[in-house]
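The next block holds one structure in the form of structure tokens; read it before the comments.
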Amino acid sequence: MTMTVNTAITGIDDRPTTSTKYLVALDVDGTLVDHDGVMSDGVRAAARAVVDAGHHVIIATGRSLGALLPIVEMIGMRTGYGVCSNGGVTIRLDPSLENGYEVIERVTFDPAPALNALRDKIPGARFAVEDAEGNFLATSRFQDDSFGIEARGVDFEHLLNAEAVRVVVNSAEASTHEFSEAIAEAGLSGVTYAIGWSAWLDIAAAGVTKASALEVVRSSLGIAQSLTVAMGDGSNDIEMLRWAGRGVAMGQAEAEVKAAANEVTTSVYDDGAAAILRSLV
């Protein structure tokens, strides 16, 4: 599935009127919560204020659905949208639904070519696949909080036959440099991928990013591109920051992430997200 993403980067006036409603896309890890998974009181209060003001807040995260939902609850969202699995899954929040949400988009792909390309390239590699039903299948007892559920252990060949939304590759043995070199040597094609701040790789379908999913939601809501705000800190946020009318990088982000943004706030440990959120209310 191919989606076209606009990349306008015109600025947004930081002094909103009461009638101005923004689409506000927020990364989670390294933005709303620190790398220990803690959301400060200041960030929580600022995010809740933006929600209460009626802006279209969208959590946009690499986390899978089960790990997105607690963040939605923390900031008081009961309606709206969420983008998870780096754009592979989009949900609509609605308190009238049995679970309080429904999946409205799930973009899948064949993981076998990428898995085969990486299998022998990364020392001590562990693999996990989020499948089309929202399950996680993993080798080597691979578990992570970002999965949102407990992964079921399978052999590598089982992963090759899955219909994937998200593929995760991790190594406890390779350095970040070694890991990045191995990814480059693998020559991945036909997929979209982002390398994390550690020896971590997320893979999605070709053309699928947080930005591509957000553009679909923006278009459906009829929000002007100039009224979009996005905030993030990782390489998987670069397309989203370029897409937004106002793209904000966190202070601890790498240089390439900051270069994609219109502005840079302070770090997650200095409540950088709170300062930007308060500017919208």
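Please read these numbers as outputs of a predicted model, since none were measured by experiment. Numbering of residues begins at 1 and proceeds along the displayed sequence. Worth knowing before you read on, the calculation uses all heavy atoms, side chains too, and leaves out hydrogens, waters and symmetry mates.
- Between the CG atom in Asp34 and the CG atom in Asp29 there is a gap of 9.0 Å [rounded to 0.5 Å].
- Among all heavy-atom pairs drawn from Ala151 and Phe142, the shortest one is CB-O, 3.6 Å.
- Side-chain atoms of Ser220 come within 3.5 Å of backbone atoms of Val217 as a donor-acceptor pair (strictly under, hydrogens ignored).
- Thr228 places no side-chain N or O within donor-acceptor distance of the main-chain N or O of Leu23, the cut-off being under 3.5 Å.
- Checking side-chain atoms of Thr192 against main-chain N and O of Ala205 turns up a donor-acceptor pair under 3.5 Å.
- Contact check for Asn135 versus Arg152: no side-chain heavy atoms found under the 4.5 Å cut-off.
- Panel note: side chain His55, backbone Val24; no donor-acceptor pair is recorded below 3.5 Å.
- Open room surrounds CD on Glu163; 12 or fewer heavy atoms of other groups in view lie less than 6.0 Å from it.
- Between the side chain of Asn116 and the main chain of Ala112, a donor-acceptor pair closer than 3.5 Å is present.
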Verify side chain to side chain contact (heavy atoms under 4.5 Å, CB included) between Met231 and Leu26, making sure each step is shown before the conclusion. CA-CA 5 Å; Met231 187 159 34; Leu26 302 172; 3.6 Å; yes
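- Salt bridge absent: Arg242 and Glu215 never bring a charged side-chain N and a carboxylate O closer than 4.0 Å.
- Residue Leu277 is not grouped with residue Val264 when hydrophobic side chains (ILVMFWY) are merged at heavy-atom distances under 4.5 angstrom, including chains of intermediate members.
- Taken to the nearest 0.5 Å, the NZ atom of Lys258 stands 8.0 Å off from the CD atom of Gln252.
- A donor-acceptor contact closer than 3.5 angstrom links the side chains of Ser64 and Arg166.
- Ser267 places no side-chain N or O within 3.5 Å of a backbone atom of Gly251 that could act as its donor or acceptor partner.
- The structure places NE2 of His158 at 12.0 Å from OG1 of Thr139, a figure rounded to the nearest 0.5 Å.
- Residues Glu254 and Ser235 fail the side-chain proximity criterion, which asks for heavy atoms closer than 4.5 Å.
- A donor-acceptor pair is defined here as one N or O able to donate and one able to accept, closer than 3.5 Å; no such pair exists between the side chain of Lys121 and the backbone of Ile183.
- Within the 4.5 Å cutoff, the side chain of Asp237 has no heavy atoms near those of the Met250 side chain.
- Note: Trp200 and Phe147 have tilted aromatic rings, judged against thresholds of 30 and 60 degrees for the angle between ring planes.
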Derivation and outcome, side chain to side chain contact (heavy atoms under 4.5 Å, CB included), residues Thr90 and Val216: CA-CA 10 Å; Thr90 303; Val216 172; over 6 Å; no
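- If you take CG on Leu159 and CZ on Phe127, they are separated by 8.5 Å, rounding to the nearest 0.5 Å.
- Exactly one residue among Thr31, Asp27, Ile75 makes a side-chain contact (heavy atoms from CB on, under 4.5 Å) with Ile59. That residue is Ile75.
- Rounding to the nearest 0.5 angstrom, the gap separating the CG atom in Asn170 from the CD1 atom in Ile122 is 9.0 Å.
- Of all the heavy atoms in Ala60 and Lys210, the pair that sits closest is O-NZ, 3.1 Å.
- For the pair Val208/Phe109, no side-chain contact is recorded, criterion being any heavy-atom separation below 4.5 Å from C-beta on.
- Taking 4.5 Å as the limit, some side-chain heavy atom of Ile91 sits within range of a side-chain heavy atom of Leu65.
- Contact detail for Val165 and Ser85: the closest heavy-atom pair is CG1-CB, 4.0 Å.
- Side chain of Arg126 to main chain of Val168: no donor-acceptor pair is present (N/O by atom type, distance under 3.5 Å, no hydrogens or angles).
- Within the 4.5 Å cutoff, the side chain of Asp94 has no heavy atoms near those of the Glu102 side chain.
- Looking at every heavy atom in both residues, Phe156 comes nearest to Leu115 through CZ-O, 3.5 Å.
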Starting from the C-alpha separation in whole Å, work towards a yes-or-no answer on side chain to side chain contact (heavy atoms under 4.5 Å, CB included) for Arg44 and Asp41. CA-CA 5 Å; Arg44 182 183 291 105; Asp41 291 341; 3.2 Å; yes
Can you check side chain to side chain contact (heavy atoms under 4.5 Å, CB included) on Asp233 and Val268, steps first, answer last? CA-CA 9 Å; Asp233 76 311; Val268 66; over 6 Å; no
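- Every residue two or more places apart in sequence or in another chain that forms a side-chain hydrogen bond (donor to acceptor under 3.5 Å, both in side chains) with Asp144 is listed here: Ser146.
- Under a cut-off of 6.0 angstrom, the local environment of CD in Glu157 is crowded, with over 12 non-hydrogen atoms contributed by other residues, nucleotides or ligands.
- Of the possible polar contacts, one joining the Gln225 side chain to the Trp243 backbone as a donor-acceptor pair under 3.5 Å is found.
- Taking 4.5 Å as the limit, every side-chain heavy atom of Leu221 sits out of range of all side-chain heavy atoms of Lys21.
- When every heavy atom of Leu93 is checked against every heavy atom of Tyr101, the shortest pair comes out as CD2-CB, 3.9 Å.
- The two residues Leu241 and Ala230 have their closest heavy-atom pair at CD2-O, 3.6 Å.
- At most 12 non-hydrogen atoms from other residues, nucleotides or ligands lie less than 6.0 angstrom from CG of Asp145.
- Remark: side-chain polar atoms of Glu239 are not paired, donor with acceptor, to backbone N or O of Ser212 under 3.5 angstrom.
- Counting heavy atoms from C-beta on, the side chains of Leu118 and Ile203 come closer than 4.5 Å.
- Between the side chains of Asn262 and Arg246, no donor-acceptor pair of N or O atoms lies under 3.5 Å.
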